[in-house]
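What's counted below: heavy atoms across the whole structure, side chains too, no hydrogens, waters or symmetry copies.
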Amino acid sequence: MAQLCHHVVELAALNTKVVVVSFGSSPMGRIWLEETGAPFTLWLDPERAAYRAYGLEHSLLRSWGPGVWLRYAQLLIAGRRWRGIQGDSGQLGGDFVVDRNGIIRLAYRSHDPTDRPPVSQLLNALRRLNGVST
């Protein structure tokens, strides 16, 4: 998400609205927005209807594998604050580009919590939707 924040101007030029969906609570969502400074809309989905609709998996094994521990250690060393486990730590996320007609143009389902697509992949999908050559 932090990398996407660096592209706010281009996202606006591409008529893109970024929506972050979380199953967390309202107070935790506000804290996340404050800590990250993300200028995006946050939708809370405590029943995880969107997670099911988009085929996002649940895996405690992949959520707490060695690579995830390493990434969390790197973030702590870099000065990020540990907020503890929020909700269901086995719920995996994803990144999607959905056009204005509701058609999914890019679907990236995360293998583990640290697995995100490169921002360039998301931007290229948005550029294609807007008829901008990549």
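- The shortest distance between side-chain heavy atoms of L11 and L126 falls below 4.5 Å.
- Remark: the backbone N or O of E57 is paired with a side-chain donor or acceptor of Q91 at under 3.5 angstrom.
- No more than 12 heavy atoms of other residues, nucleotides or ligands shown are found within 6.0 angstrom of CG on L61.
- Between the CZ atom of R80 and the CZ atom of R71 there is a distance of 8.0 Å, given to the nearest 0.5 Å.
- Across all non-hydrogen atoms, the minimal contact from D45 to A50 is OD2-N, 2.8 Å.
- For the pair P113 and W64, the minimum side-chain heavy-atom distance is 4.5 Å or more.
- In this structure W43 satisfies the ring pair (Phe, Tyr, Trp, His ring centres under 6.0 Å) test with no other residue, sequence neighbours excluded.
- One hydrophobic cluster holds both I104 and V19 under the rule that ILVMFWY side chains link at heavy-atom gaps under 4.5 Å.
- For the atom pair CZ (R105) and CZ (F96), the distance works out to 15.0 Å, reported to the nearest 0.5 Å.
- Within 6.0 Å of CZ in F40 there are more than 12 heavy atoms belonging to other residues, nucleotides or ligands.
- To the nearest 0.5 Å, atoms CG (L42) and OG1 (T36) are separated by 9.0 Å.
- In this structure, the side chain of D88 engages the main chain of G90 through a donor-acceptor pair within 3.5 Å.
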Original post:
Stepwise, does the side-chain contact (heavy atoms from CB on, under 4.5 Å) test hold for L92 with S63?
Top reply: CA-CA 7 Å; L92 298 172; S63 292; 3.5 Å; yes
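- Remark: side-chain polar atoms of R109 are not paired, donor with acceptor, to backbone N or O of D95 under 3.5 angstrom.
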**OP:** Test E47 against R52 for salt bridge (charged side-chain N to carboxylate O under 4.0 Å, His left out), laying out the working first.
**Re:** CA-CA 9 Å; E47 289 81 29; R52 286 189 300 280; over 6 Å; no
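- With values rounded to the nearest 0.5 angstrom, D99 atom CG is found 13.0 Å from N15 atom CG.
- Between the S110 side chain and the G93 main chain, a donor and an acceptor come within less than 3.5 Å of each other.
- Put simply, the side chain of S25 does not reach to within 4.5 Å of the side chain of P46, judged on heavy atoms.
- Nearest heavy atoms, L106 versus A125: CD1-CB, 3.8 Å.
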Subject >> side-chain contact (heavy atoms from CB on, under 4.5 Å) between V97 and L129, worked out >> reply: CA-CA 9 Å; V97 173; L129 273 176; 3.6 Å; yes
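- At a threshold of 4.5 Å between non-hydrogen side-chain atoms, the residues I103 and V98 do not count as touching.
- A distance of 11.5 Å separates CG of L14 from CG of L122, quoted to the nearest 0.5 Å.
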Subject >> Residues R62, D115; criterion salt bridge (charged side-chain N to carboxylate O under 4.0 Å, His left out); working and verdict >> reply: CA-CA 10 Å; R62 283 187 276 142; D115 178 32; over 6 Å; no
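- The aromatic ring centres of Y51 and F23 sit less than 6.0 Å apart.
- From R30, atom CZ reaches atom CG of L44 across 9.0 Å, with rounding to the nearest 0.5 Å.
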**OP:** Could you give me the CA-CA distance, side-chain angles and deciding distance for E10 and L123, then say whether side-chain contact (heavy atoms from CB on, under 4.5 Å) is met?
**Re:** CA-CA 9 Å; E10 183 173 8; L123 291 172; 3.7 Å; yes
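- T16 places no side-chain N or O within 3.5 Å of a backbone atom of A12 that could act as its donor or acceptor partner.
- Scanning for side-chain hydrogen bond (donor to acceptor under 3.5 Å, both in side chains) contacts around T114 gives D112, with sequence neighbours left out.
- Using a 3.5 Å distance cut-off with no hydrogens or angles, the side chains of N130 and R127 do not pair a donor with an acceptor.
- Grouping the Ile, Leu, Val, Met, Phe, Trp and Tyr side chains by contacts below 4.5 angstrom, directly or via other members, places L70 apart from L75.
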